[in-house]
Protein chains: 2
Amino acid sequence: MSRQMVRPGGRSARVQAAVHAAVRELASEVGRDALTVPLIAQRAGVTPSTIYRRWGDLQELLSDVAVERLRPDTAPRDHGGLSSDLTVWAEQFLDEMASPTGRAYIRDALLGDPDGSNAGQCSAYAAEQINVILSRAAERGEDTPDVETVIDAVVAPLMYRILFRPDGLDTSYASRLVTGVLEPTIR
Amino acid sequence: MSRQMVRPGGRSARVQAAVHAAVRELASEVGRDALTVPLIAQRAGVTPSTIYRRWGDLQELLSDVAVERLRPDTAPRDHGGLSSDLTVWAEQFLDEMASPTGRAYIRDALLGDPDGSNAGQCSAYAAEQINVILSRAAERGEDTPDVETVIDAVVAPLMYRILFRPDGLDTSYASRLVTGVLEPTIR
DNA sequence: CACCTTAAAGCAAAATCATTGCTTCTACGA
DNA sequence: TCGTAGAAGCAATGATTTTGCTTTAAGGTG
């Protein structure tokens, strides 16, 4: 019943692809805020009622598209050590997510998401990336925190600030968080 | 130009109060998702165009109301010690925010918020509460972390999970986070 | 391979919502 | 007390959303 569970390869899949493509195209042409269901439908060669019946409303559609765009397209780079792997990853995560575009995607993903599954997917992407980094480090014999710890200590603070306090964020904050989780000290 | 900066005591203030009240009443009567601008306008004894002119759209109005409802109505209770003060506060914070109602308010606050000021206000509320707790502890001579640290280590993880992974949250998670920030240990 | 079944898409009308120009009201300052 | 300007009301217009019904096509069955 999930929106991703359409009959693959059939007309439904074509419509989904066309609609998603239309959203991405129009978002870059006329801007995220000018999107409307009828506009998207026209570009996708589809009737508006199809979109309303499948996605419910514009927000849910945008949420779907946002999750798709927030999926990492590549495994985190290997820099030969846990510390640099995590630092680079966190800095890049912050860069991408704190940009106006990134914030818009995050908000879209959170918004049209009654059951929280889309937001959960975003979190799962981050967890997966971190898991890759930690597993690699463990194979090297490094001592590693577990994924949940990194999420609490790095991802959560980054996300919190991106969403609630977008000012004064820079990459040094990300690296400080990573340092904090990797080198626990007595305060 | 902020929405709070209306002429106090005049007609504008009455309208604002009536509209906010209408939103709260209707939200509990027909449910958050059934709210529409015309419905709210009718209940508030106001024309829809007034709402559109003043707030722009439904989302911004809901964002305003949400921030108002997320404002703590009371200072955190004093339990005589930093650890219990913070633990109780964090558990209550989680309770309120993780409920369906609380999540809806958070999302609304984040949503209709082009400039991020409403979300920033929410964060400021939490920071203020924590500041009260920490100041009290400092006066007692307790050793305290600073507000930013508590936000990173307690508030951010709670918020992250509320927003991105609403499943499997319980009060013990909140107290674990508090313990973590107050009693730093070498992992 | 032809035929059924059914989920999804198209179509079009109706309802609802959003926008806007213009008028009227009222709080505030001189 | 009066003038002014910001805010609200009103009403017409335009856009979006919803809905009943029809048509299409994917996937299963004999």
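All heavy atoms count here, side chains included; hydrogens, waters and symmetry mates do not. Chain naming here is simple, since letters A, B, ... match the order of the sequence lines and numbering starts at 1 in each.
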Whole-Å distance between dA27(C) P and Q16(B) CD? 16 Å

Just checking T36(A): base, sugar-phosphate only, or nothing, at a heavy-atom cut-off of under 4.0 Å? sugar-phosphate

May I ask you to evaluate whether T50(B) reaches the phosphate of dG9(D), defined as a side-chain N or O under 4.0 Å from OP1 or OP2? yes

Assign each of R53(A) and V37(A) to its nearest nucleotide of DNA chain D by heavy atoms, then name whichever residue's nucleotide is nearer the 5' end. V37(A)

Please compare T47(B) and G56(A) by the position of their nearest nucleotide in DNA chain D and report the one closer to 5'. T47(B)

Can you tell me if T149(B) and D146(B) form a side-chain donor-acceptor pair at under 3.5 Å? yes

Can you figure out which of dG21(C), dC11(C), dA8(C) approaches the side chain of S12(A) most closely? dA8(C)

Between C1' of dC10(D) and CD1 of I51(B), the distance in whole Å: 15 Å

Reckon R14(B) has a side-chain N or O less than 4.0 Å from the OP1 or OP2 of dA27(C)? yes

Flag the pair R161(A) and D167(A) as a salt bridge only when some basic side-chain nitrogen lies within less than 4.0 angstrom of an acidic carboxylate oxygen. no

Only one of D108(A), D57(A), N118(A) forms a side-chain hydrogen bond (donor to acceptor under 3.5 Å, both in side chains) with S63(A), so which one is it? N118(A)

When every non-hydrogen atom of I106(B) is compared with those of F164(A), the smallest separation belongs to CG2-CZ, 4.1 Å

Taking donor-acceptor contacts at under 3.5 Å, does the side chain of R54(B) reach the base of dG9(D)? no

Per V15(B) side chain, nearest of listed nucleotides dA11(D), dA8(D), dC21(D): dA8(D)

Roughly how many Å is it from CG in L58(B) to C1' in dT16(D), rounded to a whole number? 15 Å

Q42(B) CD to dT16(C) C1', in whole Å, measures 13 Å

